[in-house]
Amino acid sequence: MLEIQNLCKVFNPGTINEKTALNNLNLTVNDGDFITILGSNGAGKSTLFNAIAGVFLADSGKIILDGENITFQPDYKRSKYIGRLFQDPLKGTAPHMTIEENLALAYLRAEKRTDSFSRISRKEHEMFREQLKLLEMGLEDRMNTQVGTLSGGQRQALTLLMATIVPPKLLLLDEHTAALDPAAADKITDLTKEIVVRNQTTCLMITHNLHQALRTGNRTLMMSDGRIILDLNDEERRTTTVDELLKRFKEGASQELDDDRILLSSD
Amino acid sequence: MLHIAQTALTLGCVYSLVALALFVSYRVLDIADLTTDGCFVLGMALSVSAAAAGHPFLGILLAVIGGGCAGFVTAFLQTRLGVPSILAGIVTNTGLYTVNLMAMGWSANVSLLKQSTIFTMVRDLGIFGTWYQFAVVFVFAVCSMILIRWFLSTRLGLSIRATGDNMDMVSASSINPKFTIAAGLILANCFTGLCGGLVGQMQKSADINAGTGIVVIGLASLIIGETVLNGRRSITRNIAACLAGNIIYRFIYAVILQTRILPIECLKLMTAVIVALAIAAPTIRANLAVAQRQRRETD
């Protein structure tokens, strides 16, 4: 279970570019939740993910994962149990290393004992092969290929596998299909659902696709101005139409626009 | 002629250790580590001073450890104190000048007269004839290359490679980049120190200024090797390129020395030009291609 209490983050405090990215945000995510998150640009979605992943330290507030306060834990330690995918498929893999080497790095997280000088074992090799087969992209026959030569869709699929090969306590998906062509995006979306359901992974997914937001997972949040302005559970989502959601979305967005206008006119 | 070839091969083998160190820092970690010059002299100073006191083997070991310590200082400045990587190397390098003087008993050079070195010990075995120096450095070079190749496919080695390849993914893979950068720089400077230690005992002397330009020569031979062997295609090739490139560089050096095509004083300038051109080559080629196309299409 993930608990976020009164989380605040202000960028460039005290300057003309001051921006409240997270404004006293509270959120409880239950185990097994698959939450989709909506919000206009600048609503604080990615900032929320960065705070959870530990990219920066929040100004105030607490982040508690499975009863452990991780607010001050550095990002590389959190990544032992928080998996993350970005919009940019190039971000999650090392281009000059082979598919197998990339998977071996991801699998490091499974190590209880840290034997720095061990190499990829035959057993692990077979396990990587089996996992790659599940992607149905033929990557299992190209394990010694450098990742830099793969397509964006293939790289994102590999990144997804790397993030989940050791099932994380929490999976953060930051518009991870937005930079892909429609066919690849569908494929990655299907793979994501399949993997999340199979592993019962608790998952947060940012998306700009309102249909997808209502159809995927079991709960939908909408963010605006660093707050959660809408929290729909599974039942409520069934009775909500995309048009209603769009209306709320525009309200949230225009609120921000109005704020901007005030800012500009007061200059 | 044979003597020239022998010298070129010997120097090529021993200095390939610096190329190997730069391969780790510059290619694998993608960090220009300027600790190299001072670190080389540190290895030399420790090794020769210990040999002068009658402990040639301990000297080589001290050279490796000393090099590693120098690498650690650079890494510490860079990862823990936020000093930019190039500056961190320069700062360490400057500090090392004093440390090196200290290691040589506050004098600018130390010479070995009758004391034995690991080279004279191997010579006295009488197996290798006049090739005894080559035999020693060849064993060190090949063992180091095998060690590096093995290391880079271990988990720690993979983590270090990923750090240089994609910083974004590293912290998302539960790898601490501060640790991997430190490990990589320490490893690289161990090899630089070892090289200094071997060169010192081979020449039977250590000099405070012996390290000047070592980093550029190392880079030159790394790049020559990569070009000749098409070395950037795999790790194994790239490691082999360190040795091949250095031997080629030493042969060029020997030819210039013998034929006097160029005055010998020009050699450092030549080396600098070679390195600059080699690193600039992709950019120059791209610019030329654009210019050519432009000329064709405006006609």
Side-chain angles (χ1 to χ4, degrees), chain A residues 49-50 53-55 73-98 100-111 113-121 124 144-149 155 158-159 162-163 165-166 168 171-172 174, chain B residues 23-31 68 79-80 82 146-187 190 222 226 230-239 241 282:
Chain A
F49 274 21
N50 282 335
V55 175
Q73 213 173 50
D75 53 356
Y76 71 91
K77 281 193 182 156
R78 294 191 205 185
S79 62
K80 259 202 165 6
Y81 38 80
I82 298 178
R84 189 168 189 196
L85 260 74
F86 300 93
Q87 183 178 343
D88 183 355
L90 308 185
K91 264 194 170 180
T93 44
H96 293 104
M97 295 170 71
T98 65
E100 181 169 28
E101 288 168 339
N102 270 278
L103 282 169
L105 280 173
Y107 196 62
L108 278 178
R109 297 185 308 171
E111 298 253 319
R113 55 188 176 92
T114 41
D115 186 358
S116 305
F117 297 108
S118 63
R119 299 164 60 119
I120 301 168
S121 68
E124 283 165 351
N144 288 320
T145 309
Q146 290 200 342
V147 170
T149 63
R155 277 183 84 162
L158 181 62
T159 313
M162 286 167 64
I165 193 161
V166 180
L171 183 63
L172 304 175
D174 192 346
Chain B
F23 163 67
V24 173
S25 57
Y26 186 66
R27 283 288 183 237
V28 175
L29 269 180
D30 200 17
I31 288 172
T79 57
R80 300 288 164 180
I146 293 170
L147 183 73
I148 290 258
R149 182 65 196 91
W150 167 81
F151 175 74
L152 287 178
S153 52
T154 62
R155 285 167 204 284
L156 180 56
L158 287 178
S159 309
I160 291 174
R161 283 169 59 196
T163 310
D165 205 12
N166 186 351
M167 199 60 148
D168 281 323
M169 78 162 283
V170 164
S171 34
S173 311
S174 75
I175 298 165
N176 182 358
K178 290 179 179 175
F179 173 74
T180 48
I181 288 175
L185 286 181
I186 290 170
L187 180 75
C190 279
L222 177 64
E226 283 175 352
N230 196 359
R232 304 210 50 198
R233 279 180 26 204
S234 81
I235 295 284
T236 311
R237 266 173 189 256
N238 218 332
I239 290 174

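Chain letters run A, B, ... following the sequence lines, proteins first and then strands; every chain starts at 1. Because only heavy atoms are used, hydrogens play no part in the values below, and waters and symmetry mates are left out as well, while side chains stay in.
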Heavy-atom pairs under 4.5 Å with chain B, option from A/Gln146, A/Met162, A/Arg119 with the top count: A/Arg119

Smallest separation among heavy atoms of B/Arg155 and A/Ser118, with atom names: NE-OG, 2.6 Å

Side chain, backbone, both or neither of A/Thr159 within contact of chain B (heavy atoms, under 4.5 Å): neither

Residue pairs fulfilling salt bridge (charged side-chain N to carboxylate O under 4.0 Å, His left out) with at least one residue in residues 157-184 of chain B, sequence neighbours excluded: A/Glu101-B/Arg161

Aromatic ring pairing B/Phe151/A/Phe117, orientation class (parallel under 30°, perpendicular over 60°, tilted between): tilted

Minimum heavy-atom distance B/Asn166-A/Ala94, with the two atoms named: CB-CA, 4.1 Å

Atom pair CG/CG of B/Leu158 and A/Leu103 - distance to nearest 0.5 Å: 11.0 Å

Residue selection (most heavy-atom pairs with chain B, distance under 4.5 Å) from A/Ala104, A/Pro74, A/Pro95: A/Pro95

Top contributor to chain B interface from A/Asn102, A/Asp75, A/Leu105 [non-hydrogen pairs under 4.5 Å]: A/Leu105

Which atom of A/Ser79 lies closest to which atom of B/Ser174, heavy atoms considered: OG-N, 2.7 Å

Side-chain donor-acceptor pairs under 3.5 Å in residues 81-92 of chain A, sequence neighbours left out?
from	atom 1	to	atom 2	distance (Å)
A/Tyr81	OH	A/Gln73	OE1	2.3
A/Tyr81	OH	A/Gln73	NE2	3.3
A/Arg84	NH1	A/Asn50	OD1	2.8
A/Arg84	NH2	A/Asn50	OD1	2.9
A/Asp88	OD1	A/Leu90	N	2.9

Best-contacting candidate, B/Ile175, B/Ile235, B/Asn176, B/Val170, against chain A by heavy atom pairs under 4.5 angstrom: B/Asn176

Inter-residue atom distance A/His96.NE2 - B/Ser234.OG, 0.5 Å rounding: 12.5 Å

